Amino acid sequence: MISVKKTTPLKDFADFVRRENPRKWEDLHHNKKSPNLYRDTKARLVDEQGGVSAYTEEPLSGDIHIDHFRKRDLFPNLTFDWNNLFVDGMSESYGARFKDKNIKKGDYALLISPAEKNVERFFSYMQNGEIVVAEGLSADDAKRAAFTIKAFNLTDSRLTARRASVIKSIYDYSDLSPNDIRAAMQGQGFRSVVESVL
């Protein structure tokens, strides 16, 4: 998981919310005045996230969607809140869709949001790609980290294998400087994994 510095909303999105006062998310998809608004909003969020999922850190490409960190059916007042919007892939086994199938309203007290500062500090990575709760956290923060790993199923074998591959590549580049390794790993995703190894 990465911290995402939330920026000012896309102007067309903010104008749409202010002007139309939409009641449901589908209104964004079917906006006749701005038929590309959903696509443009998603593109802005992808840029804001540096091209990777805020939850899994996988590179975003192909079939992706805008996720409501706080589910819109549980928190309808946050449906159009820019700070509640992140882009993720479409896997049912991990990430946003996995979270949405299992989370309850009370669980959000524990769930770490990518909009928080320095969320990377909650997690560490084993050489085999496994994500674990970072050492040195308070008991409350360790509980939040463990819950977040479980809520997004960040231990999924495919994610673990991808992280292991990234870690192996970093060791393969060990004769390069850290900045050269970062450059070589650009586009591979898993920035917090790269930084934890460097």
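All of these numbers come straight from a predicted model, not from anything done at the bench.
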### Message
If only side-chain N and O atoms count, and only distance matters, is there a donor-acceptor pair under 3.5 Å linking Asp180 with Ser177?
### Response
yes
### Task
Looking only at non-hydrogen atoms, find the nearest pair between Lys71 and Tyr108 and report the distance.
N-OH, 3.1 Å
### Salt bridge Glu130-Arg163, side-chain N to carboxylate O under 4.0 Å
no
### Query
Roughly how far apart are Leu176 CG and Leu198 CG, rounded to 0.5 Å?
10.5 Å
### Message
Checking the side chain of His65 only, and the main-chain atoms of Asp88 only, is there a donor and an acceptor separated by less than 3.5 Å?
### Response
yes
### Task
Apply side chain to side chain donor-acceptor pair (under 3.5 Å) to Lys143 and list each qualifying residue two or more places apart in sequence or on a separate chain.
none
### Query
Are the side chains of Ser169 and Gln188 in touch, meaning some heavy atoms are under 4.5 Å apart?
no
### Message
Using 0.5 Å steps for rounding, measure from the CG atom of Asn153 to the OG1 atom of Thr155.
### Response
4.5 Å
### Task
State, to 0.1 Å, how close Ile64 and Val46 come at their nearest heavy-atom pair, and which atoms those are.
CD1-CG2, 3.9 Å
### Query
Salt bridge check: are Asp27 and Arg23 linked by an N-O gap of less than 4.0 Å?
no
### Query
Is any side-chain heavy atom of Phe86 less than 4.5 Å from a side-chain heavy atom of His68?
no
### Message
Show, in sequence, the C-alpha distance, side-chain angles and deciding distance for Ser93 and Arg158, and conclude whether the side chain to side chain contact (heavy atoms under 4.5 Å, CB included) test is met.
### Response
CA-CA 10 Å; Ser93 301; Arg158 287 161 289 193; 3.0 Å; yes
### Query
More than 12 heavy atoms of other residues, nucleotides or ligands under 6.0 Å from CE of Met90: is that the case?
yes
### Query
Is the number of heavy atoms from other residues, nucleotides or ligands within 6.0 Å of NZ (Lys150) greater than 12?
no
### Query
So, for Met1 and Phe123, which heavy atoms are closest and what is the spacing to 0.1 Å?
CB-CE1, 3.9 Å
### Query
Does Lys104 offer a backbone N or O that forms a donor-acceptor pair with the side chain of Asp107 under 3.5 Å?
yes
### Rounded distance (nearest 0.5 Å) linking atom CG of Asp100 with atom CZ of Arg72
8.5 Å
### Query
Does a donor on one side chain and an acceptor on the other come within less than 3.5 Å for Asn118 and Ser3?
no
### Task
Apply salt bridge (charged side-chain N to carboxylate O under 4.0 Å, His left out) to the pair Asp15 and Lys11, showing each step before the final yes or no.
CA-CA 6 Å; Asp15 290 347; Lys11 182 180 182 323; 2.7 Å; yes
#### Entry: Exam field: side chain Asp81 to backbone Asn77, donor-acceptor pair closer than 3.5 Å
no
### Query
Can you list the steps and then say if Trp82 with Leu45 is a side chain to side chain contact (heavy atoms under 4.5 Å, CB included)?
CA-CA 9 Å; Trp82 189 259; Leu45 291 165; 3.5 Å; yes
### Query
For Ala151 and Leu111, which heavy atoms make the closest approach, and how far apart are they?
CB-CD1, 3.5 Å
### Message
So that I can tick it off, tell me whether Arg191 and Glu57 are bridged by a salt bridge, with the cut-off set at under 4.0 angstrom between side-chain N and carboxylate O.
### Response
no
### Passing option when Glu116 is tested against Arg121, Arg144, Lys5 for salt bridge (Lys or Arg N to Asp or Glu O under 4.0 Å)
Arg144
### Task
Scan side-chain atoms only and decide if Arg97 and Ser91 contain a donor-acceptor pair under the 3.5 Å cut-off.
no
### Query
Do the side chain of Lys168 and the main chain of Asn128 share a donor and acceptor less than 3.5 angstrom apart?
no
### Task
Please work out which of the three classes, parallel, tilted or perpendicular, describes the rings of Phe152 and Tyr55, given edges at 30° and 60°.
parallel
### Task
Group every Ile, Leu, Val, Met, Phe, Trp and Tyr by side-chain heavy-atom contacts under 4.5 Å, then state whether Ile131 and Val52 land in the same group.
yes
### Set of residues satisfying side chain to side chain donor-acceptor pair (under 3.5 Å) with respect to Glu20, sequence neighbours excluded
Lys33
### Message
Please evaluate residues Leu28 and Trp25 with respect to the criterion side chain to side chain contact (heavy atoms under 4.5 Å, CB included), reporting the C-alpha separation (whole Å), side-chain torsions for both, the decisive distance (0.1 Å), and the verdict.
### Response
CA-CA 6 Å; Leu28 183 69; Trp25 187 244; 3.5 Å; yes
### Query
Within the distance-only criterion (no hydrogens, no angle test), does the side chain of Ser196 pair as donor or acceptor with the backbone N or O of Val193 below 3.5 angstrom?
yes
#### Entry: Minimal non-hydrogen separation, Val133 against Leu137, with atom names
CG1-CD1, 3.8 Å
### Query
Would a 4.5 Å heavy-atom cut-off, applied to side chains only, mark Val4 and Ile2 as touching?
yes
### Message
Would you compute the distance between atom CZ of Phe69 and atom CG of Asp67 and round it to the nearest 0.5 angstrom?
### Response
9.0 Å
### Message
To the nearest 0.5 Å, what is the distance between CD1 on Ile112 and OG1 on Thr148?
### Response
3.5 Å
### Task
Keeping the roles fixed (side chain from Thr56, backbone from Ser53), state whether a donor-acceptor pair exists under 3.5 Å.
no
### Message
Ring centres under 6.0 Å, that's the criterion: do Phe190 and Tyr125 meet it?
### Response
no
### Task
Drop me the distance from Thr41's OG1 to Leu10's CG, to the nearest 0.5 angstrom.
5.0 Å
### Message
Give me the atom names and distance for the closest heavy-atom approach of Val119 to Ser113.
### Response
CG1-O, 3.3 Å
### Task
Would you indicate whether the side-chain heavy atoms of Met185 and Tyr173 approach each other to under 4.5 Å?
yes
### Message
Is there a side-chain contact between Glu195 and Arg182 in this structure, where contact means two heavy atoms from C-beta onward sitting under 4.5 Å apart?
### Response
yes
#### Entry: Crowding at CD, Glu92 (>12 non-hydrogen neighbours, <6.0 Å)
yes
### Query
Is there a donor-acceptor pair under 3.5 Å between the side chain of Ser138 and the backbone N or O of Asp141?
yes
